[in-house]
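Taking it in order: structure first as structure tokens, then the write-up.
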Amino acid sequence: MSQTKVNDELQIQAVSHSLVRSAIAGIGVSLPSKVVTNRELEKLVDTSDEWIETRTGIRERRIAEPNMTTSDLCFEAATKSLADAKLTPQDLDLIIVCTVTPDTPVPATACILQDRLGAKQAAAFDLNGGCTGFMYGLATASQFVSTGKFKNVLVIGADLLSRITNWQDRGTCILFGDGAGAVIVSPSKDQAYGLLDFHLRADGSGAPLLKVEAGGAKLPASVITAEKRQHFLQMEGRQVFKFAVHAILDGVNTLLKRNELTVDDIDCFVFHQANLRILENAAKQLKIPSEKIISNVQKYGNTSSASVPIALEEARREKKFKKGSYVILVGFGAGLTWASALLRW
Ligand code: ACO
């Protein structure tokens, strides 16, 4: 090994020894109270309760009332996660809101939330990672905590996909729901527990598979874009399905291999809740017993960036893991993007 490489290696070792282990210190969830069943969607588009449940597993979803905003859901989820972590808004150093449906394009929803919480010390920004947003946000928060730069980071996955859903398109409108899930990332009390590893990927060549065409700099909002319904989410369902299964396999296998673990060592798998068939397909290929896979897509549909923290909170409540358990989280979505995390609770 050359002297430069030896020096680099020593430097990396020195840095990793000085890193703080980060951990999830609190979780909070917010879901609109209004339930929309598959039967109600039968009145909007040519579909059936039976088709939706057989192809997706979804039975109902939560849809926000018209006066509700993304920051409203963020506020409730954030308040609950702070209480869970026994912290106050003044303890926050950074707020990351992961969303594709911010209250407004400018300013960031994270800033609206920062003000509403009264988190005077906190920096704030939004992150657009599609449905992978929360996982990208979690990894970002972890880096800030690990380096010692920040102590408490609030990460929220929040989306009102109902606002960008084309309610005339049966290929997409049956899938989505609204919600928010928040976590607090703080230093772990014990180096052996917490967020152990991340795997983050993107493949921009898949951008056309999942997109909102108008409303950005390329195609600003106009009467024409509104008439053409270009402000709504468009998706190539079959291709996204294949990508989603690949994303879960890559996310899980990479973390298992790198950390010398097997499926048997993991107590709980929390995957993005897009479609029950995606979860079942991936579980079969990975040989994961069904009881280790969290699925709540039946109740909430695909809540985009919120789905992983909502499912994590549900898994914790149902005691699907305990202190010392290994848990793997995987998100995937527009971009295309995907990301996984290994944590020891
Ligand atoms: N009701 C009834 N029939 C329907 C509906 C509906 N809601 N939607 C489509 N169909 C029809 C189609 O027109 C087609 O009819 P044809 O055979 O006469 O042409 C037939 O059903 C089959 O259509 P497919 O699109 O092949 O159905 P598929 O089994 O692939 O299911 C689905 C579609 C549910 C969208 C699936 O492809 C899927 O889940 N894809 C992945 C979505 C996803 O993972 N998104 C996550 C990332 S995106 C994000 O998180 C924001």
Side-chain angles (χ1 to χ4, degrees), residues 36-61 70 98-102 127-136 157-181 201-203 206-213 231-251 270-283 295-298 300-311 329-339:
V36 174
T37 62
N38 292 345
R39 289 242 177 264
E40 286 167 84
L41 294 184
E42 289 177 359
K43 294 173 204 153
L44 291 181
V45 285
D46 180 15
T47 191
S48 67
D49 175 39
E50 200 256 328
W51 191 97
I52 300 172
E53 191 168 347
T54 312
R55 300 286 180 126
T56 70
I58 300 167
R59 288 199 280 268
E60 58 188 42
R61 69 284 295 143
T70 299
C98 313
T99 186
V100 296
T101 50
L127 187 158
N128 179 341
C131 298
T132 317
F134 173 79
M135 295 300 303
Y136 270 33
D159 269 309
L160 295 186
L161 282 190
S162 65
R163 301 288 161 84
I164 58 165
T165 295
N166 181 353
W167 292 102
Q168 297 174 5
D169 173 19
R170 69 175 182 173
T172 54
C173 76
I174 52 136
L175 297 171
F176 303 129
D178 299 332
R201 297 300 307 273
D203 175 9
L209 300 181
L210 204 44
K211 62 180 180 192
V212 176
E213 287 180 323
H231 298 273
F232 298 120
L233 202 58
Q234 297 171 34
M235 182 178 70
E236 299 290 340
R238 260 186 227 187
Q239 291 185 66
V240 173
F241 191 105
K242 282 190 207 144
F243 150 71
V245 175
H246 159 78
I248 295 177
L249 299 189
D250 180 56
V270 182
F271 302 147
H272 172 45
Q273 306 286 306
N275 182 328
L276 194 57
R277 279 166 53 222
I278 293 174
L279 301 183
E280 288 170 351
N281 198 312
S295 72
N296 62 12
V297 70
Q298 301 86 339
Y300 307 126
N302 176 348
T303 56
S304 186
S305 203
S307 97
V308 168
I310 291 173
L329 316 176
V330 184
F332 51 86
L336 299 170
T337 53
W338 65 107

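Every value quoted in this text rests on a predicted model; they were computed, and no experiment measured them. We number each residue from 1, following the sequence as shown. All ligand and atom numbering here is 1-based and tracks the order in the structure.
With a 4.0 Å heavy-atom cut-off, ligand 1 is reached by the side chain of Ile278 but not by its N, CA, C or O. The residue Ser304 has no part lying near ligand 1, judged by heavy-atom distances below 4.0 Å. At a 4.0 Å heavy-atom cut-off, ligand 1 touches Thr56 through the side chain alone.
Of the candidates Trp51, Trp338, Phe176, Phe243, Trp51 brings a heavy atom nearest to atom 8 (N) of ligand 1. With atom 13 (O) of ligand 1 as the reference point, the heavy atom nearest to it among Glu42, Gln239, Arg170 is part of Arg170. For atom 22 (C) of ligand 1, the nearest non-hydrogen atom from the set Glu50, Arg55, Arg277 belongs to Arg55.
Protein heavy atom in closest approach to atom 43 (C) of ligand 1: Val240 CG1, 3.6 Å. Atom 50 (O) of ligand 1 has its closest protein heavy atom at Cys131 SG, 2.2 Å. Of the protein's non-hydrogen atoms, the one nearest atom 23 (O) of ligand 1 is Arg238 NH2, 4.2 Å.
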When you look at Phe232 and Asp169, which way does the side chain to side chain contact (heavy atoms under 4.5 Å, CB included) test go after all the steps?
CA-CA 10 Å; Phe232 298 120; Asp169 173 19; over 6 Å; no

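In this structure, atom 10 (N) of ligand 1 has protein heavy atoms in its sub-4.0 angstrom surroundings. Per-atom contact check: atom 30 (O) of ligand 1 touches the protein, criterion being a heavy-atom distance below 4.0 Å. Proximity of atom 34 (C) of ligand 1 to the protein is indicated by at least one non-hydrogen atom lying closer than 4.0 angstrom. Put simply, atom 26 (O) of ligand 1 has protein non-hydrogen atoms near it, under 4.0 Å away.
Using a cutoff of 4.0 Å between basic side-chain nitrogens and carboxylate oxygens, Glu213 and Lys211 are scored as salt-bridged. Of the charged side-chain nitrogens involved, at least one lies within less than 4.0 Å of a carboxylate oxygen, so that Arg39 and Glu42 count as a salt-bridged pair.
Looking at Ser304, its side chain never comes within 3.5 Å of a backbone N or O of Ala306 through a donor-acceptor pair. One N or O on the side chain of Gln273 and one on the backbone of Asn296 form a donor-acceptor pair closer than 3.5 Å. No donor-acceptor pair under 3.5 Å is formed between the side chain of Thr132 and the backbone N or O of Met135. Not a single donor-acceptor pair under 3.5 Å links the side chain of Thr101 to the backbone N or O of Leu161.
With 3.5 Å as the limit, one finds no donor-acceptor pair spanning the side chains of Ser305 and Asp159.
For Gly237, a nitrogen or oxygen atom sits less than 3.5 Å from a nitrogen or oxygen atom of ligand 1, counting backbone and side chain alike.
In the vicinity of Ala274, heavy-atom distances shorter than 4.0 Å reach the ligand 1 atoms 43 (C), 44 (O), 46 (C). Under a 4.0 Å criterion applied to the non-hydrogen atoms of Gly171, ligand 1 contributes the atoms 8 (N), 35 (C). The ligand atoms of ligand 1 that sit less than 4.0 angstrom from a heavy atom of Thr47 are 1 (N), 2 (C), 6 (C), 7 (N). Counting atoms of ligand 1 from 1 in the listed order, those under 4.0 Å from a heavy atom of Asn275 are 34 (C), 38 (C), 39 (O). Close approach of ligand 1 to Leu210 (heavy-atom distance below 4.0 Å) involves ligand atoms 47 (C), 48 (S). Atoms of ligand 1 lying under 4.0 Å from at least one heavy atom of Asp46, given by number and element, are 1 (N), 2 (C).
The aromatic ring centres of Trp338 and His272 sit 6.0 Å or more apart.
Of the listed residues (Leu233, Thr47, Val45, Asn166), just one forms a side-chain contact (heavy atoms from CB on, under 4.5 Å) with Cys173, and that residue is Val45. Partner of Arg61 under the side chain to side chain donor-acceptor pair (under 3.5 Å) criterion, out of Asp178, Asn38, Asn302: Asn38 alone.
The structure places CD of Glu60 at 12.0 Å from CD1 of Ile52, a figure rounded to the nearest 0.5 Å.
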